[in-house]
Participant: 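Quick one: this structure, given as structure tokens, is what I'll be asking you about.
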Amino acid sequence: MGVYLHSKKPFLLFQETASSTYFVDKSQIIKDLIPLIDHTLPVTDGILKERGREHKYICITRPRRFGKTVIANMIASYFGKGADSLCVFQKLSISSCSWFRKHLNKHNVIYITFNELPDECTTYTQYISRIKRRLLEDLIRNYPEAGIAAGDSLWDAFNRIIEFGNGEKFIFVLDEWDFIFHRSFVTFEDQAAYIDFLGNLLKDQPYVEL
């Protein structure tokens, strides 16, 4: 368990949303994502018809207040090992799918909400260092056999898990990823560094499952 890895937070938030009076079941969105993970399943109509299975990087865009965070919480709650979410999903339409239980709470999910700032944050370095430190601590705690050092970069740590740990892969669910672009203390150089950080973490990395 951890702050970002196997976090209980997305489940607790989605559980609260799903029990609200005006909740709309959008769990069929998961149906579009499953063939990217489980290649034994046929591709259905949707995003995969256009892009193919090889695209494991999905960006869900909507205007403000159109439920992107709810969708992020739902995806992390379904796939993630952080909490047993059967009590919520068995009431949703996705529960009728043949693969429903096969993937429920069976994946390693990294869930990061990028709009959370450190206390009295005044620099980009303070902001990004907090994220890096917390995620690295999660990996060291959960994968002691990988020999991850406190000074390792995140991508080096994940690749050590592939090489020297148990070879597990990870689903990354990143909410509010562009939040930092709208902070007054962030310079153009900081923005470029942030894009490089995301690229190094995710692009062409063997540990990225989705």
Side-chain angles (χ1 to χ4, degrees), residues 1-44 46-48 53 55-62 65-116 131 134-135 137-143 158 161 165-177 179 201-202 207-210:
M1 302 302 158
V3 177
Y4 297 140
L5 174 61
H6 305 323
S7 172
K8 294 182 178 69
K9 179 179 177 180
F11 168 70
L12 294 174
L13 292 172
F14 184 65
Q15 182 182 43
E16 181 178 353
T17 300
S19 63
S20 64
T21 303
Y22 300 106
F23 172 71
V24 177
D25 182 354
K26 297 182 179 179
S27 62
Q28 288 293 319
I29 290 174
I30 296 171
K31 197 173 181 178
D32 274 341
L33 303 179
I34 284 292
L36 292 173
I37 295 172
D38 190 339
H39 290 183
T40 66
L41 297 172
V43 174
T44 58
I47 55 175
L48 292 179
R53 292 186 192 272
H55 290 274
K56 59 183 177 181
Y57 303 95
I58 305 297
C59 180
I60 298 177
T61 59
R62 295 287 188 277
R65 313 309 304 168
F66 266 66
K68 294 187 298 296
T69 294
V70 172
I71 291 173
N73 290 335
M74 178 184 69
I75 291 170
S77 298
Y78 174 77
F79 287 112
K81 299 176 181 179
D84 182 356
S85 61
L86 177 62
C87 60
V88 174
F89 284 95
Q90 66 183 356
K91 302 174 184 177
L92 305 183
S93 63
I94 202 72
S95 64
S96 64
C97 295
S98 60
W99 41 260
F100 169 66
R101 287 181 180 266
K102 178 180 179 181
H103 292 282
L104 180 68
N105 306 139
K106 296 298 195 300
H107 296 260
N108 300 309
V109 170
I110 305 290
Y111 173 86
I112 304 177
T113 303
F114 280 94
N115 64 349
E116 296 176 345
I131 294 172
R134 292 173 123 199
L135 183 49
E137 289 172 352
D138 284 352
L139 297 179
I140 292 172
R141 185 183 307 111
N142 284 273
Y143 298 96
F158 279 111
I161 293 170
N166 51 13
E168 294 186 21
K169 294 189 175 186
F170 300 83
I171 294 175
F172 289 78
V173 179
L174 309 179
D175 192 25
E176 299 283 355
W177 76 272
F179 168 82
L201 180 64
L202 301 172
Y207 53 77
V208 177
E209 184 173 27
L210 184 67

Participant: Strictly by modelled atom types, are Asn115 and Thr113 linked by a side-chain donor-acceptor pair under 3.5 Å?
Facilitator: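 No, Thr113 and Asn115 have no side-chain donor paired with an acceptor closer than 3.5 Å.
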
Participant: With a sphere of 6.0 Å drawn around NZ of Lys106, does it hold more than 12 non-hydrogen atoms of other residues, nucleotides or ligands?
Facilitator: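 More than 12 within 6.0 Å, yes.
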
Participant: Find the distance between CG (Asp32) and CD1 (Ile58) and round it off to the nearest 0.5 Å.
Facilitator: 8.5 Å

Participant: Apply side chain to side chain contact (heavy atoms under 4.5 Å, CB included) to the pair Leu174 and Leu202, showing each step before the final yes or no.
Facilitator: CA-CA 11 Å; Leu174 309 179; Leu202 301 172; 3.8 Å; yes

Participant: Taking side chain as C-beta onward, heavy atoms only, is Ile94 less than 4.5 Å from Trp99?
Facilitator: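 Yes; the side chains approach each other to less than 4.5 Å.
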
Participant: So, the side chain of Asn105 versus the backbone of Phe79: is there a donor-acceptor pair under 3.5 Å, distance only?
Facilitator: no

Participant: What are the two closest non-hydrogen atoms of Ile37 and His107, and how far apart are they?
Facilitator: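 Shortest heavy-atom contact: CG2-CE1, 3.4 Å.
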
Participant: What distance separates Leu92 CG from Phe23 CZ, expressed to the nearest 0.5 Å?
Facilitator: 5.0 Å

Participant: How far apart are the closest heavy atoms of Val109 and Ala76, and which atoms are they?
Facilitator: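 It is CG1-CB, 4.0 Å.
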
Participant: Kindly indicate whether the side chain of Thr69, heavy atoms from C-beta on, has any atom under 4.5 Å from the side chain of Glu176.
Facilitator: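 Counting from C-beta outward, Thr69 and Glu176 do come under 4.5 Å.
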
Participant: For atom CZ of Arg141, is the number of surrounding heavy atoms from other residues, nucleotides or ligands below 6.0 Å larger than 12?
Facilitator: yes

Participant: How many angstroms lie between atom CE of Met74 and atom OG of Ser85, to the nearest 0.5 angstrom?
Facilitator: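 Rounded to the nearest 0.5 Å, the CE-OG separation comes to 11.0 Å.
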
Participant: Would you say Asp138's side chain and Leu5's backbone share a donor-acceptor pair under 3.5 angstrom?
Facilitator: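 Judged by distance alone, yes, a pair lies under 3.5 Å.
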
Participant: May I ask you to test the Phe11-Cys87 pair for a side-chain heavy-atom distance under 4.5 Å?
Facilitator: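 A side-chain contact under 4.5 Å exists here.
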
Participant: Residues two or more places apart in sequence or in another chain: which of them pass ring pair (Phe, Tyr, Trp, His ring centres under 6.0 Å) with Tyr4?
Facilitator: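 For Tyr4 there are no ring pair (Phe, Tyr, Trp, His ring centres under 6.0 Å) partners, ignoring immediate neighbours.
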
Participant: State the CD-CD1 distance between Glu168 and Ile161, to the nearest 0.5 angstrom.
Facilitator: 8.0 Å

Participant: Out of Trp177, Phe158, Tyr57, which one pairs with Phe172 under the ring pair (Phe, Tyr, Trp, His ring centres under 6.0 Å) rule?
Facilitator: Phe158

Participant: With rounding to the nearest 0.5 Å, note down the distance linking OG in Ser96 to NZ in Lys31.
Facilitator: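 Ser96 OG to Lys31 NZ: 7.0 Å, rounded to 0.5 Å.
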
Participant: Among pairs that include at least one residue of residues 8-19, which meet side chain to side chain donor-acceptor pair (under 3.5 Å), considering only residues two or more places apart or in two chains?
Facilitator: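 Qualifying pairs, neighbours excluded: Lys9-Glu116.
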
Participant: If you look only at pairs with a residue in residues 72-81, which of them pass as a side chain to side chain donor-acceptor pair (under 3.5 Å), with sequence neighbours excluded?
Facilitator: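 Only Asn73-Tyr111, Lys81-Asn108 qualify under side chain to side chain donor-acceptor pair (under 3.5 Å).
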
Participant: Could you walk me through whether Phe100 and Ile34 satisfy the side chain to side chain contact (heavy atoms under 4.5 Å, CB included) test, starting with their C-alpha distance in whole Å, then the side-chain angles of each, then the deciding distance to 0.1 Å, before giving a yes or no?
Facilitator: CA-CA 10 Å; Phe100 169 66; Ile34 284 292; over 6 Å; no

Participant: With distance as the sole criterion, is a donor-acceptor pair present between the side chains of Asn142 and His6 under 3.5 Å?
Facilitator: no

Participant: So how far is it from Leu33 CG to Ile171 CD1, rounded to the nearest 0.5 Å?
Facilitator: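 It is 8.5 Å, given to the nearest 0.5 Å.
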
Participant: Contact between Ser95 and Phe89 at the side-chain level, heavy atoms closer than 4.5 Å - yes or no?
Facilitator: no

Participant: Given 3.5 Å as the limit, does a donor-acceptor pair link the side chain of Lys26 with the main chain of Ile71, or not?
Facilitator: no

